[in-house]
Amino acid sequence: MTNVKQPIWETKEMINGMAKEQSIAGKKRPGLSAQGVSTLAQANAEQPALKTENWFFSYGQDWAIKDITLEVPTKQVTAFIGPSGCGKSTLLRCFNRLNDLIAGARFQGQIYAEGTNIYDRDLDVTDLRKRIGMVFQKSNPFPKSIYENVAYGPRISGIKKSGDLDEIVERSLRQAALWDEVKDRLDSTALGLSGGQQQRLCIARTIAVEPQVVLMDEPCSALDPIASAKIEELILELKKDYTIVIVTHNMQQAARVSDLTAYLWLGQLIEFNKTGLIFTNPKEKLTEDYISGRFG
Amino acid sequence: MKNFWKSGDPFVWLTGGAIALSLIMILGLLGLIVVNGLRQFWPPQIVELHLQNGETVLGEIWEREEILALDGQGSGHRIRLKIGNRDLYPLDFRWIDESEIVAKRYPENVLVLERLEWGNFYGRFNTLKQGNTILANSLGTGQEALADALAEMALLRTRIRELEKDEIGSINYDLEKLRLEARKLLLTSDTTSVAVQRSLTEKRKKMTVLQRQYLEKEKALSALYTKSREMVLTATSADGREKAIKIFDIVRLTTPNALDVVARSRVFLSRVAEFVSAEPRESNTEGGVFPAIFGTVILVLIMSVAVAPLGVLAAVYLHEYAKQGLVVSAIRIAVNNLAGVPSIVYGVFGLGFFVYAIGGTLDQLFYAEALPTPTLGTGGILWASLTLALLTVPVVIVATEEGLAAVPREIREGSLALAATQFETLWRVVIPSALPGILTGLILAIARAAGEVAPLMITGVVKLAPSMPFDGRFPFLHLERKFMHLGVHIYDVGFQSPNVEAAIPMVYSTTLLLILIVILLNVVAISVRNRLRKKLAYSVF
């Protein structure tokens, strides 16, 4: 399970010599060597939960993310806002390396999770994803029972005892504020739940693996206001235990739930500051134009 | 006028017309098959015709058609009569001009005898004898004795069958096995060694014992056959000829003109039951088609077992692992085109590759003692199934690939984001979600395979198989055996039998049965798929 099919790492000096560019192609990477293996387990808790340094990312042609450097602090909610196509979802998916799957993707720069370079060629991606979970824009429960959906991650991690699994499922569903609604029908299909319930199930499924960071990619964009409010409440609750990074289109939502807000525009980080400051006193004109609704 | 065209009404009519035409043609075909397929089981009225030339004929009216009179003036009708009694008359059927008929009656005392040989006999009861003793002189007084005699002979037939097929059959089987073992010893080991000699002597001893058993059984059998000749029914045909018929040879005796609807229905059901459960007789034109049903079903099952894993694995590699590019596209096009290759080509390939190359090689390696008689190097149900699997594998590959492509990307990403590897995602989420698509492919494959005839004719189907591919003797499933198949049976009965005309109803009934079996296999597969689909609500199939 540790040796996933993984992208290959080829390094080449960039012509401008600014940084190393690495492309994600499709050859086999060298096996894990005993030396130089960096695992997140050794990571330093003093470090910020996530940190990017001069991060560039491309799906093939132009850079979709250009030179972003930011730090996501532990156990706080960080929101990424910006107009469509600004690269906020792309940046989010870089944190758990879900973009690796896309053929022709390349990057340069570094991303650290608690001090560990997550694009290190010897890093085990499944190990990374266990620690950095993700909730998607469209709720995507598996076509299995509610119980099996939540138990999926723990099972993958090798937990087999049904007593342990029961405990994890109940705890995760309680944390996701879904337990009372589904406790009597854990064995019925997850596809029978409403949209909001499905999204909370996906959150429960994500936290069942006990990650340190939860990435949320527009988790409320497909939900009605009442369901959205429940998710927002949940985010504030989860903040106590998890670092949360949320991408949202909804500026009110960002203002309500986040501690820090980053404004991205055309792949660049325009402004990153305390949420209160961004919304009341933006330093950049571009940010002001966006949050005041002049465009976007 | 312009508005008329713009409104789209003509197009609605055109498209509606197309579907109506298709429906009419399909329902017409089904109706024809159902009516003709079931009609032969219904006991018909037997008509007695007195002709102008003084002749009397008995038979079933099959059809009536208009003809021009000989002088070209006016027209009349003629009827086709099934007169049966093949041992007395040269032909089963006779055309009779209606103008020649003087009188037409439906006498209640007419007997119809369905016999093991010579087809139906139409006539009247004369005497029932056991040896030289007369048991009955008329149908009225002899009814009970006749029923008893028929029941007794039916039991005797079963007993003889048991003796021949099971008891003598298994002795023969064991004898053949011993003979081959002995031959293998002679071929492969040092015949001078004491151990081999001892083993050979032992085998010979066993063979002698079996041969003695065989002779005993044969004696018992011939005693039974003697008994079978005891009871004789003498019947008179329409033209007054007397015919002695062994009760043993009578499969069913009816007096159709005397029967009411309930009794007729009973005869109908018993004939349907015979059709699906009995073995054929009279070079397949009468009796049942059970071996063919059995062969068809086993063939489709083995084919499914072979094609499902092969097609699914190939599709998973093509869709999930292979690097998408020119080569994969070329393979995909090739797979699609394979579905269009004429099935006889697969048959020829199966014969050359499976039967001769693989079967022949296996024979030389494992069944050398039986050579030159081939064991696997000749057509058999395994090779026929594998040929069909090859024929249907493109269908499964295409459907599975579509099923995999229909699994939403979010689901895959959801699994990967939970730290699952690509294989775990594939195994736990993607393939289960694609199952309805995979089953759709299998359904299409089954439908195609069950209706296929041409490739089977050269890879293992025979006119009449002595034994079935599955029986009570170890190892139960005999994959090397030749078998019977409903599709081939239709062709054989309808076009290759010595009495084609009399076999026409059989063709319809067999066709009806084949269609029913294909429908049944499909219904089973579709209900399984629908169950899965309910569980996987987003699936689009």
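Here the structure is a predicted model, which is why all the values come from computation and not from measurement.
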With side-chain contact (heavy atoms from CB on, under 4.5 Å) as the criterion, how do I156(A) and L418(B) come out once you've worked through the C-alpha distance, each side chain's angles and the decisive distance to 0.1 Å?
CA-CA 8 Å; I156(A) 293 278; L418(B) 287 168; 5.9 Å; no
Identify the two heavy atoms, one from [X] and one from [Y], that lie closest to each other, and give their separation to 0.1 Å.
X       : Y       : result
P143(A) : I411(B) : CD-CD1, 4.4 Å
N140(A) : E410(B) : ND2-O, 2.7 Å
Y152(A) : E424(B) : OH-O, 3.9 Å
M134(A) : A417(B) : CB-CB, 4.0 Å
V429(B) : F142(A) : CG1-CD2, 3.8 Å

What part of R93(A) gets closer than 4.5 Å to chain B, counting heavy atoms only: side chain, backbone, both or neither?
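When you check distances to chain B, only side chain atoms of R93(A) fall under 4.5 Å.
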Please determine whether the number of non-hydrogen atoms from other residues, nucleotides or ligands lying under 6.0 Å from atom [atom1] of [X] exceeds 12.
X       : atom1 : value
L326(B) : CG    : no
K239(A) : NZ    : yes
E167(A) : CD    : no
R185(A) : CZ    : yes

Can a donor-acceptor pair be found, under 3.5 Å and without considering hydrogens, that links the side chain of K144(A) to the backbone of R428(B)?
yes
Spatial distance of atom CG (N96(A)) from atom CD (E413(B)) [nearest 0.5 Å]
9.0 Å
